[in-house]
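Structure first, then comments.
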Amino acid sequence: MAVASPAAVPPLRRRSRTPAERRSSTAPSRSQNLISLLSSCSSIQEFAPIHARLITTGSIRDPLVARRLLGFFVSVDGLGHCRRVLSGTHLSETALWNDYMQDQLRDDSPGDVLASYRHMVGAGVALDMSTFHFLISAASRVMAVEDVGEVQGRMLKSGLGFSDSLRKNLMGAYAKAGRLREVRQLFSEFPERDVVAWNTMISCYVRMGMFRESLDSFGRMLADGVEPDEVTMVSLVSACAKMRDLETGEKMHLYIDENGMEIGGSLLNCLADIEAENDVISWTTLLCGYVKADRMDEAEKLFDRMAERNLISWTTMTSAYVQAGRYLESLELFIEMMLEDVTPDEVALVTALTACVNMDGYDIGRSIHGFIVKHGMTVEGMLGNSLLSLYAKFGRLDDAYSIFQHLPCKTAVSWNSMLDGFCRAGDVDKARGFFNEIPEKDLISWNTMIGCYTRTRSAQESFELFHQMQSSDIKPDKITLANMLSTCASVGALSHGAWIHLYIQKNRIQLDHVLGTALVDMYGKCGSVEKATALFSKITDKNVCLWTAMIGAYAMEGQAQKAVDLFSEMEATGIKPDQVTFIALLSACSHGGLIDEGYKYFHKMKNEYRIEPGIQHYGCMVDLLGRFGRLKEALELIHSMPVEADTIIWSSFMRACETHQNVELAEYAHKRLVEINPTNDAAHVLLSKIYARAGRWDDASLARTKLHELGIRKHPGCSLIEQNGTVHEFRAEDFSNSQSPEIYSMLGEIDERLQKERHETSSHHSERLAVAFGLISSNNSTIRIVNNLRICGDCHSFMKFVSFTYEREIILRDNYRFHRFSAGQCSCREYW
C-alpha cells in the first residue's frame with residue numbers, strides 16, 4: 001500500500017557485508033571499547049593514540065566505528081582531518097555521510113541532518129539520491145521550507161531533479177508546509193503519475209481546506225487509470241466529512257465496498273463521521289438540501305421537528321445562519337448544542353468563531369478558545385486562522401500574533417488576518433512592515449494594505465503601493481480601484497483619479513454600484529462636477545449611494561438648485577433616500593441659502609421617510625439659519641436637539657455670530673466649545689477675531705493670551721496640490737519643497753501687486769504657497785488645491801486677486817465646501 005508522507009525515507013539498497021563488518025559482529029567488545037574511548041575524546045590531540053589503535057586493530061574499517069569517527073570530527077570542528085583519517089575505512093565518503101545522517105534521523109534529530117548537509121557541501125562531498133531523501137525528510141520534519149527549496153535547487157544541479165521518488169518526497173514536504181503552488185508544479189512535472197503522487201496532491205488539497213479540489217482530483221485520477229488505495233480514500237472521506245457532504249460521502253462508501261477495499265482504522269473513523277444512524281442521516285440530508293437551496297424557513301421548521309440531531313445537523317444550521325448573516329442566532333444555537341452535550345468538532349468551532357468575529361462576540365470567542373485548549377485540540381488550519389481572526393478583529397494583537405507564530409502551517413489566510421489586525425489597530429508602520437514579510441502576497445494582502453493607507457489618508461504611500469502592485473503578477477480588482485479612487489478624492493488628485501477611470505475603461509471592467517459611486521464621488525470631490533455629471537448620466541442602474549454621491553457633488557460646489565432637482569428626480573424613480581442622502585441635500589440647501597427648502601426637507605425626512613435626524617442633519621440646519629442671521633432660531637434648534645451638540649455645531653454657530661457681529665451669542669458659543677474641549681484652538685482664535693472686529697482690543701488680546709497660557713498650539717493648516725502625477729503638501733511658512741526659492745519669489749511678485757492695490761500681504765498661509773507653486777508649475781491650466789481647514793478671509797481675497805490678475809481659474813476645497821475662483825469672483829458668493 002502506497003503511503004503519501006514527506007517524511008517517508010525510501011529503503012537504501014542493501015550492501016554486501018564487508019570483512020570488517022563480519023569481524024565486528026563476532027568481536028563487538030573491541031569496537032565498543034574504542035567507541036567509548038572516542039566518546040570521551042574532546043580534541044584532535046587526544047585522538048592521536050586512539051587513531052593508532054584503530055589502525056592496528058583494523059577497527060577503523062567497522063562501519064559503526066567509522067560513523068562515530070565522523071561524528072567526532074564534526075563535534076570538534078575537525079573536518080579538515082576527516083578525509084585523511086577516514087580514507088583508511090575503505091568506505092565511500094558519500095555512503096558514510098548518508099549512514100551518519102540516517103542515524104541522526106533515527107535519533108529524531110532532523111536539525112542535525114541539515115547541519116551535516118552543510119558540512120558535506122563545505123567539504124565538497126558528493127551528494128547522491130539517498131542524501132537528498134534524508135535531507136527532504138529532515139527539512140519536512142522541522143518545517144524548514146527554505147531548506148527544502150535549497151535542496152531542490154541542488155538536486156536540479158546534480159541531475160537528480162527528474163527522479164520520481166525525489167519528486168514525491170518533495171511534494172510531501174511542500175504539502176506539509178502548505179505550499180500549494182510548489183506541490184502543483186511538481187505534480188505537473190510527472191510524465192506518469194502513480195497513486196503516491198495523486199495521494200500527495202489530494203491530501204494537500206484536504207489539508208488546505210480545498211475539499212472540492214480534492215474530489216475533482218480524484219475524478220482525474222480515475223480518468224488516468226490510477227487505482228486509489230486506502231490513503232486516497234481516507235483523504236476523500238475526510239473531505240466529505242468536513243464539508244458535511246453526506247451524498248458524496250455515501251458514494252465514497254459505496255465505492256469502497258464495490259472495490260473490496262480494506263477498511264482500516266483511519267478509514268473506519270472517517271466513515272463513522274459520515275454515517276451515523278440512518279434516520280439521522282436522512283433528516284440531515286434533507287436539512288442540507290434546504291440550506292443549499294436557501295430555503296431557510298423550511299430548514300428551521302425541519303430542524304425543530306427532528307427528534308434526534310447529530311453534530312452534522314447542528315453544524316449545518318449554525319453554518320446556515322452564519323452564511324445568512326444571522327450571527328446571533330448561530331451563536332445561540334451553538335450554545336444550545338453545547339448544553340445538549342454534543343461535542344463540537346473543528347468545523348463547528350470554526351463556524352462559531354466566524355459568528356463571533358462578525359458581531360460583538362469576543363467573550364464567547366474567548367470561551368471557545370478555552371474549550372479548544374481544555375480538550376487538547378491542535379490549533380492549526382481553519383481553526384487556527386479563525387482564532388487569529390477573532391483576536392485580530394478585536395484588537396488583541398498580542399494574542400493574535402502569538403497564535404500566528406505557533407501555527408505550524410501559515411496560509412495566505414493566516415498572513416492576511418494578522419495584517420488586517422495591524423491595519424485595524426491603525427499602526428500603519430507595523431502593518432507595512434508585516435506586509436513586506438508576507439512571502440506570497442495575494443489580492444487580499446494588497447487590498448488590505450492599500451485600504452489601510454486610504455483610511456489613514458496616507459495618499460502618497462497608497463499611490464506608491466498601487467504602482468508596486470501593478471508591477472507584481474496580481475491584478476487590481478474593484479475593491480482596489482474603489483480604495484484608490486477614495487484616496488484620490490481625499491487629496492483632490494484628479495489626474496490620478498482620471499488615470500484609474502481610464503484603466504477601468506481599457507480593461508473593460510464593469511461599473512457596479514460601488515465602483516460607479518466611487519468614480520462620481522472622486523470627480524465631485526476633485527472639483528470636476530461636469531465629469532461627475534457626465535458619468536452619472538451614463539450609468540443606467542443607479543442605487544441610493546450613487547444618487548447621494550451626485551447630490552453631494554452639487555452641494556460641495558454650491559449648486560443647490562441642481563441638488564434639489566436631482567433629489568426630486570431620484571424620488572420619481574422610486575429610490576428611497578437614506579440619512580446620508582439628506583445630509584447631502586441639507587448641506588446643499590445651506591451652501592445655496594435655500595432656507596425654505598431646507599426646512600421642507602428636514603421635516604420631510606422625519607415625517608415622510610421616518611428617518612430620525614442625526615447630529616449632522618441638525619448641523620446643516622444650524623448652518624443654514626446662521627447664514628441668514630437667524631441666530632436665536634438656530635440656538636433654539638440646538639437646545640431642542642435630542643443629543644448634545646458637538647464642536648462642529650457650536651463652531652458653525654459661532655462663525656455665524658462672527659458674520660453677523662453678535663458678540664454676546666459668540667461668547668456663549670465659545671463657553672460651550674471650551675466646556676466640550678478646553679484645548680480647542682479655533683474657538684479661542686475666532687473669539688479674538690470677533691472681539692477685534694467689535695473694537696474690543698483688550699478682550700481680543702486677552703483671548704490670545706489665554707491661548708498661550710493654556711499651552712494650546714494652533715492647529716496647523718495644510719494644503720495639497722497635485723502636479724504631474726505627484727501630490728505636494730504645503731504648510732504655513734513651509735520651506736521644505738525643492739522649489740521653495742521659486743515659490744517665495746512668486747509670492748513676492750504677488751505681494752508687490754497686492755500692495756499697489758492696498759491689499760493685506762503679510763500671510764504665508766499654506767494655500768498661498770500652494771497657489772504660488774501652481775502658478776510656476778503649470779501654464780493656463782486650472783489650479784486645484786485641497787485645504788484641511790476653512791479658508792480665512794484674507795486668503796479668500798488673495799485667491800480672488802490672483803485669479804483676476806493672472807487669469808487663472810483656482811478651485812479650492814476646504815473642509816466645508818468648494819471655492820471656484822475665476823476673474824476675481826468666487827462661487828461661494830462671499831459666504832463660507
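Keep in mind it's a predicted model, so treat the numbers as computed, not measured.
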(request) Compute the centroid of each ring, for Y255 and then for F218, and state whether the two points are separated by less than 6.0 Å. (result) yes
(message) Within the 3.5 Å criterion, strictly below it, is a donor on Y205 or R184 matched to an acceptor on the partner's side chain?
(response) yes
(message) We want to know whether T411 and N385 form a side-chain donor-acceptor pair, criterion being a heavy-atom distance below 3.5 angstrom.
(response) yes
(message) Keeping S402 on the side-chain end and D398 on the backbone end, is there a donor-acceptor pair under 3.5 Å?
(response) no
(request) Would you mind checking if E300 and R326 are paired as a salt bridge, meaning a charged N to carboxylate O distance below 4.0 Å? (result) yes
(request) For residues L215 and M252, report the shortest heavy-atom separation together with the two atoms involved. (result) CD2-CE, 3.6 Å
(request) Calculate, to the nearest 0.5 Å, the distance between atoms CG and CD1 belonging to L387 and I403 respectively. (result) 4.5 Å
(request) Verify whether one side chain among T318 and S330 offers a donor that lies under 3.5 Å from an acceptor in the other. (result) no
(request) Taking only Lys NZ, Arg NE, NH1 and NH2, and the carboxylate oxygens of Asp or Glu, determine whether D420 and R424 approach each other closer than 4.0 Å. (result) yes
(message) I'd like to know if D399 and R366 make a salt bridge, using a cut-off of under 4.0 Å between side-chain N and carboxylate O.
(response) yes
(message) Students often mix this up, so state it plainly: with edges at 30° and 60°, are the rings of F434 and W415 parallel, tilted or perpendicular?
(response) tilted
(request) Consider only side-chain N and O atoms of S445 and N416, and report whether a donor and an acceptor are under 3.5 Å apart. (result) yes
(message) Between E440 and R179, does any side-chain N to carboxylate O distance fall below 4.0 Å?
(response) yes
(message) For the residue pair Q323 / S319, report whether a side-chain donor-acceptor contact shorter than 3.5 Å exists.
(response) yes
(message) Under a 3.5 Å distance rule, please check whether D224 uses its side chain to pair with a backbone N or O of V226 as donor and acceptor.
(response) no
(request) May I ask you to decide if the ring planes of W314 and F303 are parallel, tilted or perpendicular, using 30° and 60° as cut-offs? (result) perpendicular
(request) Can you run down the side-chain hydrogen bond (donor to acceptor under 3.5 Å, both in side chains) pairs that involve residues 342-355, sequence neighbours left out, and say none if there aren't any? (result) R244-D345
(message) To the closest 0.5 Å, what do you measure between CD1 (I438) and CH2 (W446)?
(response) 9.5 Å
(message) For V357, is there any backbone N or O sitting under 3.5 Å from a side-chain donor or acceptor partner on K393?
(response) yes
